[in-house]
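Heads up, the thing below is written out as structure tokens.
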Amino acid sequence: MDRNRIKLKISLIINIIIVILTVIASVIMFTGFRFMYGYEIVLESTKLGMLRFFTVDSNMFMGIVALLFAIDEINVLQEKRDDISINKYILKLMGTSGVGLTFLIVFTYLGQISEYGLSSLLMNSNLFFHLIIPIFSILNFIIFEKTDKMNYKYTFYGIIPTVAYAIYYLSNILYHMENGEVSVKYDWYWFVQNGIWTAVIVAPTILVLSYVISYVLWILNKNHKKKIP
């Protein structure tokens, strides 16, 4: 069997797994179901309140993208189309960058400042959102979904989810600010608990980090057998 066809099938399987896990994790958080105990609930919310978290938004977006990508892959395998469209690869870069940022922030920042440590951020739905789905997504993108279709300019698409969320998060903080302070109820990632002025440091740092992730993913995704136009 052709090597590219094998990779396509593996990618399809992983994308289907990502879709299924996204649905399962979303239902778990939406309903408040718990199958792991030992810590207080950290960065979780039930019903539509869960959508305020970048973790949930980035993973749900990744799940949708994985579904769209899988549809293209099925069509290619059934010879209904020649290849996966460039638009799907762009969406994949955006989605993978989003969950990549989630993974990195959890393990380098939130896990360090959480009262209950990193383990508390890897429970119930967050076990999928913070760890399993990001890892599946990243490995799939850089190993089984290599392409020569994306040139350098597409790396900037990877920060779109972060920029959109940053606008929402900062607007929410400013709206609920009182006497220069914001309750952790509205600053749930504890970004400006040392003062609203820290936003001028935190926001650019997160955006730069988001772009670095997108760029690295693009580099690792490149198919070096063909020259990028």
Side-chain angles (χ1 to χ4, degrees), residues 11-36 39 41-71 73 88-111 114 118-145 157-169 172 188-189 191 206-207 209-214 216-217 221:
S11 171
L12 173 60
I13 293 171
I14 295 176
N15 279 321
I16 292 174
I17 291 174
I18 290 172
V19 173
I20 294 173
L21 292 182
T22 301
V23 172
I24 291 174
S26 298
V27 170
I28 289 174
M29 184 173 286
F30 184 86
T31 60
F33 176 75
R34 301 186 70 183
F35 61 91
M36 299 173 70
Y39 299 97
I41 295 176
V42 180
L43 294 178
E44 290 186 31
S45 184
T46 58
K47 300 182 179 179
L48 294 181
M50 63 190 257
L51 295 177
R52 73 176 187 266
F53 297 120
F54 182 76
T55 288
V56 176
D57 298 337
S58 62
N59 275 268
M60 291 183 73
F61 179 67
M62 185 69 242
I64 293 171
V65 171
L67 176 60
L68 295 175
F69 207 90
I71 291 173
E73 289 177 319
K88 298 302 191 307
Y89 278 110
I90 294 173
L91 287 174
K92 249 313 174 100
L93 177 60
M94 292 170 59
T96 310
S97 296
V99 293
L101 179 63
T102 288
F103 178 87
L104 191 61
I105 292 296
V106 166
F107 278 83
T108 63
Y109 169 65
L110 295 175
S114 174
L118 178 61
S119 298
S120 64
L121 297 171
L122 300 176
M123 297 182 63
N124 301 302
S125 57
N126 279 334
L127 175 63
F128 302 102
F129 286 148
H130 287 162
L131 180 65
I132 299 176
I133 294 174
I135 287 179
F136 270 127
S137 301
I138 293 170
L139 292 180
N140 202 23
F141 188 69
I142 66 177
I143 297 176
F144 302 110
E145 296 173 349
Y157 283 74
I159 69 172
I160 291 177
T162 306
V163 171
Y165 186 81
I167 293 173
Y168 157 70
Y169 194 82
N172 179 67
W188 46 83
Y189 289 129
F191 284 148
I206 295 296
L207 291 177
L209 183 60
S210 179
Y211 178 74
V212 170
I213 291 172
S214 178
V216 171
L217 286 172
N221 170 264

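Residues take their numbers from the sequence shown, with the count starting at 1. Basis for what follows: all heavy atoms, side chains included, without hydrogens, waters or symmetry-related copies.
Applying the side-chain hydrogen bond (donor to acceptor under 3.5 Å, both in side chains) criterion to Ser58, with sequence neighbours excluded, gives Thr102. For Met123, the side chain to side chain contact (heavy atoms under 4.5 Å, CB included) test picks out Arg34, Met36, Tyr39, with sequence neighbours left out. For Phe103, the ring pair (Phe, Tyr, Trp, His ring centres under 6.0 Å) criterion is met by Phe107, not counting sequence neighbours. Residues passing the side chain to side chain contact (heavy atoms under 4.5 Å, CB included) test with Phe33 are Ile28, Thr31, Phe35, sequence neighbours excluded. Tyr89 is linked by a ring pair (Phe, Tyr, Trp, His ring centres under 6.0 Å) to Phe69, counting only residues two or more places apart in sequence or in another chain. Applying the side chain to side chain contact (heavy atoms under 4.5 Å, CB included) criterion to Arg52, with sequence neighbours excluded, gives Ser45, Tyr168, Trp188. Residues satisfying the side chain to side chain contact (heavy atoms under 4.5 Å, CB included) test with Leu68, not counting sequence neighbours, are Ile64, Lys88, Leu91. Shown here are the side-chain hydrogen bond (donor to acceptor under 3.5 Å, both in side chains) partners of Ser120, two or more places apart in sequence or in another chain: Ser114. Scored by the ring pair (Phe, Tyr, Trp, His ring centres under 6.0 Å) test, Tyr157 finds Tyr154 as partners (sequence neighbours excluded). The side-chain hydrogen bond (donor to acceptor under 3.5 Å, both in side chains) search around Thr162 returns Ser210, not counting sequence neighbours.
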Quiz: residues 134-144 side-chain donor-acceptor pairs under 3.5 angstrom, not counting sequence neighbours:
from	atom 1	to	atom 2	distance (Å)
Ser137	OG	Ile133	O	2.7
Asn140	ND2	Ser11	O	3.4
Asn140	ND2	Asn15	OD1	3.4
Asn140	ND2	Glu145	OE2	2.8

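For the atom pair CD1 (Ile17) and CG (Leu12), the distance works out to 10.0 Å, reported to the nearest 0.5 Å. For the atom pair Ile18 CD1 and Phe128 CZ, the distance stands at 13.5 Å (nearest 0.5 Å). Once rounded to the nearest 0.5 Å, the distance linking OG1 of Thr108 with CG of Leu104 reads 4.5 Å. The structure places CE of Met62 at 11.0 Å from CE of Met94, a figure rounded to the nearest 0.5 Å. Of the inter-residue distances, the one linking Thr96 atom OG1 with Phe61 atom CZ reads 9.5 Å to the nearest 0.5 angstrom. Taken to the nearest 0.5 Å, the CG atom of Asn59 stands 7.0 Å off from the OG1 atom of Thr55.
Aromatic ring centres of Tyr169 and Tyr189: separated by under 6.0 Å.
Residues Ile105 and Phe54 fail the side-chain proximity criterion, which asks for heavy atoms closer than 4.5 Å. Contact of the Thr22 side chain with the Ser26 side chain is registered, since non-hydrogen atoms from C-beta on lie closer than 4.5 Å. Side chains of Val56 and Met29 form a contact here, defined as non-hydrogen atoms less than 4.5 Å apart. Two residues are said to be in side-chain contact when any heavy atoms from C-beta on lie closer than 4.5 Å; Leu131 and Val106 fail this criterion.
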**Message:** Run the side-chain contact (heavy atoms from CB on, under 4.5 Å) test on Leu93 and Ser214 for me, step by step, so that the C-alpha distance in whole Å, both residues' side-chain angles and the decisive distance to 0.1 Å come before the verdict.
**Reply:** CA-CA 7 Å; Leu93 177 60; Ser214 178; 3.9 Å; yes

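Listed here is the closest heavy atom pair of Lys92 and Ala66: CE-CA, 4.2 Å. The nearest pair of heavy atoms linking Leu21 to Ile132 is CD1-CG2, 3.7 Å.
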